Amino acid sequence: MPEREMPLPTVLEPRGRTLGAEERAAVLRVLDSAVLCSSFGSEARSLESEMSRLYATRDAVPETVACSSGTAALHLAVAAAGIGPGDEVVTTPISDFGTVAPVMAQGGRVVFADVRPEDGNLDPAAVEAAVTDRTKAVIAVHLFGAAADVDALRAICDRHALVLIEDCAQAWLGQDASGRLLGTVGDIACFSLQQFKHITAGDGGLALTGDRALARRMRLFMDKGWDRSEGRIHRETGLNYRMTELTAAVARAQLGKVTEVVRLRRERAGQLAEALGNVPAVRMPGQRRGHAWWVMPLLVDDNARWAKALGELGVPALPGYLERPLYANPALPGHPPGLCPRAEELIARTLLVLQWNERYSQSDVDHIARALREVAAR
Ligand SMILES: *Cc1c(COP(=O)(O)O)cnc(C)c1O
């Protein structure tokens, strides 16, 4: 294979991000206004309206609460759902720690259900089996931008009167097979603007809901339980999870680009499928329509071997995405190995994650396809 002079663009450099004149102007606009805190400015509130409009459906316009990170957005959701000591929340062992940390912070218990082998998303049957009379909520993660089965999960949640939270941090503008936006079926949907996501403001989070009572509780929890229109009264407990005006202004500029970012990532994914052709040793996601392509998750026979070989060919690859399932971390003691065997198999053996970027050129995509075919042929 020919050597490449230029490594693939990454999200840690200007050529792998969409930060430009709009974001620069946004930062200066806020600085020049001298109002950097969103309690007194208009940027965060405008971002909320713009996000609500982006996620409006024919039936409903959700309310958005901006906050300081994706983890904070999930904490708003979990707190608004009323999770407290002893309450159980069922979720996946394959996700960012931010999915489970808020449950732990509320004194709740994280209950892990196993995933589907084909895409690492929650297996609804495993979720149903994990529900007890202490269960209060389910957090579904749309892993890597692929749709979790929210119809089945919605039915389970309705049957047991549980709150359904969709973690959309990796699924900006993702859709299910029918074209429905991910984040519009659950009671609350959470998004992240962290450096590695589709769009970024460094850090930042957005929580969406169509339920006015949940929206109010999230807004109160975001700002010390304080409704500023009412006076200095703290209605319930809350933290300071406010998004700053600088962050919000950058996020607004980025939000204006997310449709194109996702469109390009889909186009590049289609190009990879075409350039790769039929190589039985490596499988792209079967459900490609609507995928948000946060990364390019592949299924192989031995992810450590593939990651090493691809890295040597200039295609960085991460075996398993995580080093271990969430429940095997010291922060979550008391979970035996083998708890979720399908998740463990994906992490230890079959899941291989390539970075994916809207700035990849056709030649970048061809290079990746060639590298995959070469490793497959060995
Ligand atoms: C990134 C991420 C989070 C946490 O978001 P932060 O902004 O880093 O706090 C939560 N869940 C998933 C699935 C993520 O990818």
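In this text, all values refer to a predicted model and were calculated from it rather than measured experimentally. The first residue of the sequence shown is numbered 1, and numbering continues consecutively from there. We count ligands from 1, going down the list as the structure has it; atoms in each ligand are counted the same way.
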Can you check whether [X] has an N/O within less than 3.5 Å of an N/O in ligand 1?
X	answer
W294	no
L74	no
S192	yes
D96	no
D203	no

Proximal atoms of ligand 1 relative to [X] (non-hydrogen, under 4.0 Å):
X	value
Q170	13 (C), 14 (C), 15 (O)
G70	5 (O), 6 (P), 7 (O), 9 (O)
D167	10 (C), 11 (N), 12 (C), 13 (C)

Evaluate the ring planes of F144 and W294, with Trp represented by its six-membered ring, and classify them as parallel (under 30°), tilted (30 to 60°) or perpendicular (over 60°).
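Parallel.
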Pairing donors with acceptors under 3.5 angstrom, does anything connect the side chains of S361 and D364?
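There is such a pair (donor and acceptor under 3.5 Å, judged by atom type) between the side chains of S361 and D364.
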Starting from atom 9 (O) of ligand 1, which protein heavy atom do you reach first, and at what distance in Å?
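Ranked first by proximity to atom 9 (O) of ligand 1 is T71 OG1, 2.5 Å.
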Is there a heavy atom in S95 that sits closer than 4.0 Å to ligand 1?
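S95: in contact with ligand 1 (<4.0 Å).
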For the pair Q254 and H198, evaluate side-chain hydrogen bond (donor to acceptor under 3.5 Å, both in side chains) and give the outcome as yes or no after the intermediate values.
CA-CA 9 Å; Q254 286 278 283; H198 288 76; over 6 Å; no
Which heavy-atom pair separates A140 from L164 by the least distance, and what is that distance?
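Heavy atoms only, the tightest pair is CB-CD1, 4.3 Å.
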Closest heavy-atom contact between P102 and T71?
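What the structure gives for the nearest pair is CG-O, 3.6 Å.
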Test log, rule salt bridge (charged side-chain N to carboxylate O under 4.0 Å, His left out), inputs E48 and R219
CA-CA 11 Å; E48 289 169 347; R219 197 167 288 288; 3.2 Å; yes
Options Q195, K197, Q194, ranked by nearest heavy atom to atom 14 (C) of ligand 1, top entry:
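Among Q195, K197, Q194, the closest heavy atom to atom 14 (C) of ligand 1 comes from K197.
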Report the part of V141 in contact with ligand 1, treating N, CA, C, O as backbone and CB onward as side chain, heavy atoms under 4.0 Å; options are side chain, backbone, both, neither.
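The answer is the side chain of V141.
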Option passing side-chain contact (heavy atoms from CB on, under 4.5 Å) with M296 (candidates L272, L372, I368, V353)
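It is L272; the other options fail the test.
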Would R370 and E374 count as a salt bridge (charged side-chain N to carboxylate O under 4.0 Å, His left out) if you check the C-alpha gap in whole Å, the side-chain angles of each, and the deciding distance to 0.1 Å?
CA-CA 6 Å; R370 265 199 312 277; E374 175 158 331; over 6 Å; no
